[in-house]
Amino acid sequence: MSPPSPGDGLKFSRLTEYLGRLEETSSGNDMVQILSELFGEASPGEVDTVVYFVLGEVDAEYRHVVLGMGEKTVMDAIARASGRTREEVQGRFDELGDLGSVAEDLGLEGGETEQGYFAAEEPTVRDVHDGFMDIAEASGSGSQEEKIRILARMMSQEEGAERRYIARIATGTLRLGVGAMTILDGLSVAYVGSKDKRPRLEEAYNLCSDLGLVARTVAEANDEGGGEAALKAVAEIGVEIGRPIKMMLGQRLRRLSDIMEKMSGRAAAEWKYDGERMQCHKDGDEVEIFSRRLDDITSQYPDVAEYVRDRVDADTAIVEGEAMAVDEEGHMEPFQTLMQRKRKYDVEEYVERIPVNLFLFDLLYLDGESWMDRSYPDRRGRLYDVVETGGGVDLTEQIVSESQDEIDEFFERGLNEGTEGVMVKSVKEDSVYRAGAREWLWIKWKRDYMAELADTFDLVVVGALAGKGSRAGTYGALLCAAYNHDEDRFETLCKVGTGFTDEDLEELPGRLGEWETDSVPARVRSEIEPTQWFEPGVVIEVEGAELTRSPVHRVAEEEGKGLALRFPRFLRFREDKSPEQATTSREVRQMYEESRRRGR
Ligand code: ATP
């Protein structure tokens with residue numbers, strides 16, 4: 001096939017008519033109809049450009065082609081094309097509020113006589129696109145003047161309506177209200193036959209993040225073999241290094257206990273780091289990093305790029321993780337600290353000042369092969385093999401568990417380390433990486449979701465568990481019980497491990513020492529075997545997030561499960577209360593029933 005000669009193909013003026021029609025309607029169905037007609041007129045080789053223009057862009061979003069024209073330079077170009085002064089153009093702009101309308105309105109009567117930009121008399125969509133690419137490529141000294149000159153010459157060859165859209169594309173203000181999904185609907189109707197198949201196109205779009213590529217693929221295949229061929233071709237759009245994949249997202253649920261139900265009882269729980277999501281593409285020594293919005297952020301994080309280059313043992317790979325600012329000892333810093341790394345200048349200085357650690361959690365592609373269709377345990381297992389941890393890279397902290405209590409504990413441990421919650425992920429066979437999807441394979445649960453119960457609890461300390469990590473040598477958590485008045489016994493409700501200040505922790509041995517005992521006290525009912533038992537004596541006030549059924553606690557027991565207080569936090573010692581004045585088991589049950597009635 002010989003390359004198209006200038007003037008061949010869809011005229012820009014024809015596209016303009018469609019843009020006008022799209023601008024006039026707000027009905028989604030009408031838009032799809034108009035788009036499908038438009039796509040029907042475009043040839044496969046130009047339909048990608050048509051798509052970009054409809055979106056007000058000149059290329060796939062992730063490529064970030066920068067035209068580098070602000071309002072002022074576009075005004076200069078309009079002034080030149082129309083033979084008006086800058087002040088006149090500014091005046092019209094103040095009146096109309098849109099440079100597109102100004103460009104249309106001012107006419108060309110007094111314009112430059114310099115010849116137009118396009119070889120063809122009637123420029124095509126592709127010609128105009130070439131013009132914009134020339135504008136984008138003009139760089140270095142004198143480039144502003146060059147950009148103005150090109151745009152002025154482009155406009156001087158066009159009619160009013162075309163100038164309107166050219167000016168809007170130049171300023172990045174063409175907003176027709178057409179979203180990606182509407183484009184995909186239009187493509188489905190035009191090339192596959194109906195809107196029903198849009199999800200198949202959407203899948204491809206999520207993989208390649210380029211609507212133009214999807215459009216060209218379906219148009220070309222349709223040209224050769226019709227709708228079926230188009231669907232087949234689009235299914236073959238695969239992963240490519242350097243082309244960001246839309247990130248998989250998590251659903252959210254209010255109650256952590258509902259999450260385990262959704263996951264059919266077994267799941268991977270991971271700390272949810274409050275940093276910045278990164279999708280890292282490695283190709284030999286080259287590493288590119290994409291943000292959650294698919295922006296290329298490599299230049300902001302040369303350190304992270306280096307870690308991935310050095311520590312991911314693969315020729316090509318796509319890995320995902322969350323970057324966190326860390327202090328010299330590797331402790332996580334708050335999100336705001338990391339945000340100081342979002343800068344254009346002084347990058348190297350800030351690499352030193354605010355070191356970053358990348359916590360990887362997923363593997364999407366490895367040495368020429370997509371891993372997205374494998375289960376999460378497979379992906380994670382392979383990730384573990386190819387990543388050499390340390391030196392700026394770790395894997396996210398994870399447990400795979402069937403036990404709600406274990407996950408609760410894991411969640412709390414994370415909070416103490418500075419995380420903001422957990423991501424619970426399916427570990428079933430079908431736990432694939434679903435690009436761009438927000439589904440139940442991942443469920444996020446944050447500290448902020450903890451709906452605190454209205455009332456606090458006064459509970460009796462009946463045991464203590466030895467501390468780990470920074471709490472080694474002191475008590476890590478207190479086993480606490482409510483008072484069953486009818487049977488005069490103490491039934492465990494929770495283990496309290498958070499909310500203590502350093503002073504509180506120091507006071508604990510003094511306050512509890514006199515109540516120590518070697519075995520389970522007579523009136524205490526507990527499934528848990530603490531490190532140290534205490535006779536009922538000390539009462540503490542505790543707040544919590546919710547009451548649930550649990551096999552490990554004993555309050556209001558039914559069929560082997562008692563009530564448990566989830567995410568309890570220590571508030572203060574209640575010296576004024578005796579153990580028998582603690583919150584009763586009956587009160588706990590009433591609160592539980594009350595919260596069920598409210599549907600929480
Ligand atoms: P979303 O990204 O789901 O639209 P959002 O931007 O508001 O939502 P959050 O609600 O805070 O973010 O939660 C999701 C984000 O948590 C992910 O996009 C990712 O950046 C981050 N994250 C932190 N730790 C993990 C982890 N272990 N696994 C997956 N994502 C994690």
Side-chain angles (χ1 to χ4, degrees), residues 180 206 209 244-256 259 262-263 267-281 289-295 297 300-301 304 308 318-326 331-339 341-342 356-364 371-372 374-384 387 389 392-401 407 410-427 431-451:
N206 286 334
S209 310
I245 298 166
K246 296 232 174 210
M247 295 186 191
M248 179 164 174
L249 304 170
Q251 279 283 7
R252 99 178 234 194
L253 264 184
R254 212 179 152 78
R255 291 195 301 197
L256 196 43
I259 297 183
K262 269 263 182 244
M263 292 286 175
E270 283 173 24
W271 281 354
K272 185 171 182 315
Y273 300 82
D274 189 12
E276 178 163 18
R277 177 109 170 233
M278 294 188 180
Q279 189 180 86
C280 311
H281 291 228
I289 307 173
F290 294 99
S291 73
R292 168 87 171 69
R293 297 184 47 212
L294 310 187
D295 289 331
I297 50 170
Q300 286 166 24
Y301 295 102
V304 177
V308 172
I318 302 177
V319 291
E320 251 184 41
E322 187 88 356
M324 292 284 287
V326 289
H331 296 133
M332 292 184 257
E333 297 273 11
F335 179 70
Q336 290 73 8
T337 310
L338 181 71
M339 283 307 99
R341 288 286 305 267
K342 299 209 94 27
V356 160
N357 199 87
L358 180 64
F359 293 93
L360 289 170
F361 51 76
D362 222 317
L363 173 76
L364 281 64
W371 275 68
M372 295 173 57
R374 316 243 188 159
S375 72
Y376 187 50
D378 279 1
R379 302 200 304 279
R380 175 93 185 186
R382 194 77 187 104
L383 182 66
Y384 184 83
V387 173
T389 58
V393 183
D394 268 307
L395 261 54
T396 48
E397 193 79 14
Q398 186 200 65
I399 58 166
V400 177
S401 176
I407 292 180
F410 176 75
F411 166 83
E412 295 222 316
R413 196 152 57 80
L415 291 195
N416 288 336
E417 299 291 332
T419 67
E420 59 163 355
V422 281
M423 287 294 269
V424 184
K425 300 182 181 178
S426 168
V427 290
S431 56
V432 297
Y433 187 99
R434 295 263 292 124
R438 190 186 289 287
E439 290 173 1
W440 295 106
L441 290 172
W442 286 11
I443 305 174
K444 55 188 176 185
W445 206 84
K446 296 198 232 181
R447 179 184 41 208
D448 312 349
Y449 303 170
M450 284 201 300

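Every number for a ligand or one of its atoms is a count from 1 in the order of the listing. The figures here come from the full heavy-atom set of this structure, side chains too, leaving out hydrogens, waters and symmetry mates. Numbering of residues begins at 1 and proceeds along the displayed sequence.
Residue-ligand proximity, R277 to ligand 1, at heavy-atom distances under 4.0 Å covers atoms 17 (C), 18 (O), 19 (C), 20 (O). Remark: ligand 1 atoms within the under-4.0 Å shell around heavy atoms of T396 are 27 (N). Within ligand 1, the atoms closer than 4.0 Å to a non-hydrogen atom of E420 are 11 (O), numbered from 1 in the order shown.
The two residues F361 and W442 come nearest to each other via the heavy atoms CE1-CH2, 3.7 Å.
With distances taken over non-hydrogen atoms, the option nearest atom 31 (C) of ligand 1 out of Y273, W445, W442, F361 is F361. Closest heavy-atom approach to atom 19 (C) of ligand 1 within the set E322, E320, R252: this belongs to E322. When the heavy-atom distances from atom 11 (O) of ligand 1 to R293, K444, K272, E270 are ranked, the shortest goes to K272.
In this view, E320 and R277, Q279, Y433 satisfy the side chain to side chain donor-acceptor pair (under 3.5 Å) rule, not counting sequence neighbours. Remark: R374 pairs with E369, W371, D378, R379 by the side-chain contact (heavy atoms from CB on, under 4.5 Å) rule, at least two apart or across chains.
A salt bridge links R380 to E270: at least one charged side-chain nitrogen sits closer than 4.0 Å to a carboxylate oxygen. Salt-bridge annotation for K272 and E322: absent, with no side-chain N of the basic residue lying under 4.0 Å from a carboxylate O of the acidic one.
No side-chain heavy atom of Q251 sits less than 4.5 Å from a side-chain heavy atom of L441.
At a heavy-atom cutoff of 4.0 Å, ligand 1 is contacted by no atom of M247, backbone or side chain. Neither the backbone nor the side chain of E276 comes within 4.0 Å of ligand 1, counting heavy atoms alone.
The shortest separation from a heavy atom of R438 to ligand 1 is under 4.0 Å, placing the residue in contact.
Residue K425 has at least one nitrogen or oxygen atom sitting less than 3.5 Å from a nitrogen or oxygen atom of ligand 1, judged on distance alone.
Taking the centre and axis of the six-membered ring of F411, the NZ or CZ atom of K446 falls outside the cone set by 45° and 6.0 Å.
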